[in-house]
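All of these numbers come straight from a predicted model, not from anything done at the bench. Throughout, protein chains are lettered first and strands after them, A, B, ... in sequence-line order, and every chain is numbered starting at 1.
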Protein chains: 2
Amino acid sequence: MSPASRIKSYSDVKAEILRRIAAKVWAVGDPIPNEEDLAREFQCARTTVNRALRELAEAGIVERKRRAGTRVAEAPAQDMRFKIPLVEDEVAAIPACYRYRRLIRETLSDEAIAHTMKLAPDAPLLHICALHYGDDAPFQIEERWINLSAIPQAREESFQDISANAWLVREVPLSRLDTQLYASAASAEIAKRLAIKAQSPILVIERTTWRADQALTHAKLSYRGDHKISATSA
Amino acid sequence: MSPASRIKSYSDVKAEILRRIAAKVWAVGDPIPNEEDLAREFQCARTTVNRALRELAEAGIVERKRRAGTRVAEAPAQDMRFKIPLVEDEVAAIPACYRYRRLIRETLSDEAIAHTMKLAPDAPLLHICALHYGDDAPFQIEERWINLSAIPQAREESFQDISANAWLVREVPLSRLDTQLYASAASAEIAKRLAIKAQSPILVIERTTWRADQALTHAKLSYRGDHKISATSA
DNA sequence: CAGTGGTCTAGACCACTAA
DNA sequence: TAGTGGTCTAGACCACTGA
C-alpha cells in the first residue's frame, strides 16, 4: 500500500478512506481494518481515526458495529439534507421583494388536524392562514394550526405583521419537526390565492412540530408546482 | 444555577444546553459561555464540551466563531434530512412486491440534458427509461442519462434485470448528488406509464451525480402525486 | 494580539455483541 | 468472552479573528 505519506488530520484520514472506497480497494460490503490498525498505519492517534470513521458513519458511507467492525455501507448516502429556510429568506434569495399578508385568524376545533397532532378532537386550535409574496406575486400559502394548550401566548398575537412561522421560531425554539412532502392539484381556493389555474400541480409541505411528544403546531405550506427545492449532498 | 448534578457525557452536556436554550436561560442570539468555563461548571473535560457544542453547531442550533465565541443561532435548524432510498427498498417498505421493467435503452445525444450535465452538446449519452412497480402498480418512472465518457462500462450493461440506479450504486460509489424536487403535471406519456390521468399532479425528483466536477449521470424520477416523502429532524 | 474554538495525543475504561 | 467501537480525560499546540 501507499506509505501513508502525509496523513495527519482526521479529515486526511477521511479523504484517504473515501479514496480507497472509490478506488475499490475496499468494495461495497467489505470490512475495513479496525481503528487501532488504521491508527498505526496512518501514524496517528486512534481518536483521530475514530472521528474520521464516526463522521463517515454519520454520512452513511460506512456501517459500524461493536465487535463486528466497520464495513463499507451497502447503500451509501442516498439521504440528502434539504434546507427549508424561512420564507422571508427564501424570497430574498431569488431575489425578490418580500411581502406578507394575513388572510384568516380564528379559534376553532378541527378533528382531522387534531388527529394529526394527536390531540383530543375538540382541542382548541388557533388557525392562521397567510400569504407570502415575492415581488407582489403569491409565493407560498401558509396554513397553520397552533395548539393553544401548549402555546397559550399565541392568543395575544395578531399575526398581522409577523408570520406564524417567524413568530414560532422566536417564541418556541428547538422543536422537533415531522415533515411530509408531496404533489397535489390546486383546489379552487388555493388556485385563486396562488394566482394559478384550478387543478394545477402544487407542491405541498406538511409539518408538525413537537416538544417532548406534545404537538405544538401543524403547518401546510403550498407552493406553485414550478417551485423547486434543492439539495446537495457530499 | 443548577448544581450540574449528574452531567458526565457529551450527550448530557448537549441535553443541558438544549434545555437552557428552550427555557430561554440563553435566548436566541445570546452568547453562551466558552468551552473552558462550561467544562469547569459541568466538571468534565473541555473535549467533552467541545463535542457537544460541535454537534449542536452542525445541527444549526448554535453558531461558533473563533475568538468571538458561541451564540444561540438566529434561525435554528430549519433543515431536514430526507432519506431517499433505493426504489426497491422504498417499495419493500410499503410493503409491496417489487418488480422492475426496462422500457428503453438507447445511445443518443441530448442538448438539454448535456447542458444540465455541463457536457458538450453532442456528448454520447446512454438513455435508460424504466418502470418500478409495487404490487404490479406503477410506482416510479426512472429516466436516466449516463455520461458514456465517464462510465464507458455502462455500454456492456443491458439494464434488463437491474435498474440503472441499483447498478450505479454498486459500480460508481461515492458520487456527489445535486437534487431538485418539484411538482408537475403528468404528460400524456408519463400519465400512461404511471396509470394515472393526464395532467394529474406528479412529484418529480431530478438528480445529477458528479465525481470530481464531472457529471456522471442525470436522473428524473417521477412519482404519482400522492406519493409522500417523509423526514424527521431533531 | 489575546482569547476563542479546532484539533491531536496517549492512555484508559466501558458497553456492547458477534463469534 | 474476547474484540470491537464509544467515550472520557488531561494536556498541549495551533489557527483564526474580532476586540
Side-chain angles (χ1 to χ4, degrees), chain A residues 3-18 20-21 26-74 76-77 234, chain B residues 3-18 20-21 26-74 76-77 234:
Chain A
S5 40
R6 285 265 158 243
I7 293 186
K8 309 178 109 179
S9 71
Y10 81 95
S11 53
D12 292 342
V13 174
K14 254 173 96 165
E16 173 61 13
I17 291 171
L18 284 171
R20 292 187 188 179
I21 294 174
W26 299 323
V28 168
D30 282 359
I32 76 180
N34 69 29
E35 297 187 346
E36 205 175 337
D37 290 348
L38 287 172
R40 199 172 311 119
E41 187 198 342
F42 296 145
Q43 299 187 40
C44 64
R46 177 164 83 93
T47 317
T48 305
V49 174
N50 176 272
R51 176 157 179 198
L53 287 174
R54 177 166 24 99
E55 292 192 358
L56 289 172
E58 269 167 26
I61 310 290
V62 300
E63 283 171 354
R64 321 195 73 194
K65 274 188 219 159
R66 290 172 139 121
R67 168 86 203 212
T70 303
R71 301 178 163 275
V72 180
E74 292 288 346
Chain B
S5 41
R6 287 266 160 240
I7 293 188
K8 309 176 109 175
S9 70
Y10 80 95
S11 52
D12 292 342
V13 174
K14 256 174 94 166
E16 174 60 14
I17 291 171
L18 284 170
R20 292 188 187 177
I21 294 175
W26 298 324
V28 168
D30 282 0
I32 76 181
N34 69 30
E35 296 186 346
E36 205 176 335
D37 289 348
L38 287 172
R40 197 170 316 118
E41 187 198 343
F42 296 145
Q43 299 187 42
C44 65
R46 179 163 82 92
T47 318
T48 304
V49 173
N50 177 274
R51 177 157 178 199
L53 287 174
R54 178 168 21 99
E55 293 192 357
L56 290 172
E58 269 167 26
I61 311 287
V62 301
E63 283 171 353
R64 321 194 73 192
K65 276 188 216 157
R66 289 171 139 120
R67 167 87 204 204
T70 303
R71 297 179 167 274
V72 179
E74 291 288 344

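Protein atom CD of B:E63 is 16 Å distant from nucleotide atom C1' of D:dG18, rounded to whole Å. Computed from coordinates, the A:N50 CG to C:dA12 P distance equals 18 Å when rounded to whole Å. Rounding to whole angstrom units, CD1 of residue A:I32 and P of D:dG3 are separated by 20 Å. Rounding to whole angstrom units, OH of residue B:Y10 and P of D:dA10 are separated by 19 Å. One interatomic measurement links the two molecules: CZ of B:R64 to P of D:dG18, which rounds to 15 Å at whole-angstrom precision. Atom CG of A:D12 and atom P of C:dT7 are 12 Å apart (whole Å). Distance, A:E36 CD to D:dG3 P: 11 Å, rounded to whole Å. Per the geometry, CZ belonging to B:R71 stands 11 Å off P belonging to D:dG18, to the nearest Å.
When the nucleotides D:dA10, C:dT4, C:dT7 are ranked by their closest atom to the side chain of B:R66, C:dT4 comes out on top.
Under 3.5 Å, the side chain of A:R67 and the base of C:dA19 form no donor-acceptor pair of N or O atoms. Side-chain atoms of B:R46 and base atoms of C:dG6 include a donor and an acceptor less than 3.5 Å apart.
Summary of the strand contacts: A:A45 and A:K65 both lie near DNA chain C, and taking for each the nucleotide with the nearest heavy atom, the more 5' one is attributed to A:A45. Comparing B:A68 and A:A68 by the nucleotide of DNA chain C whose heavy atom lies nearest to each, the residue mapping closer to the 5' end is B:A68.
The phosphate of C:dT4 has OP1 or OP2 within less than 4.0 Å of a side-chain N or O from B:N34. Distances shown here put every side-chain N or O of A:T47 at or beyond 4.0 Å from the OP1 or OP2 atom of C:dT7. In terms of phosphate contacts, B:R54 brings no side-chain nitrogen or oxygen within less than 4.0 Å of OP1 or OP2 of C:dG5. Here B:T48 reaches the OP1 or OP2 of D:dT9: one of its side-chain N or O atoms lies under 4.0 Å away.
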Handout entry: Full working for side chain to side chain contact (heavy atoms under 4.5 Å, CB included) between B:E58 and A:E58
Key = CA-CA 12 Å; B:E58 269 167 26; A:E58 269 167 26; 4.1 Å; yes
Practice task
Determine, step by step, whether A:E16 and A:E41 satisfy the side chain to side chain contact (heavy atoms under 4.5 Å, CB included) criterion, reporting the C-alpha distance in whole Å, the side-chain angles of both residues, the deciding distance to 0.1 Å, and the verdict.
Solution key: CA-CA 12 Å; A:E16 173 61 13; A:E41 187 198 342; 5.8 Å; no
Exercise for the section: Given side chain to side chain contact (heavy atoms under 4.5 Å, CB included), test A:I21 with A:V62 step by step and report yes or no. Expected result: CA-CA 10 Å; A:I21 294 174; A:V62 300; 4.3 Å; yes
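Side-chain contact between B:I17 and B:K14: absent, with no pair of heavy atoms (C-beta onward) separated by less than 4.5 Å. Taking 4.5 Å as the limit, some side-chain heavy atom of A:I32 sits within range of a side-chain heavy atom of A:L53.
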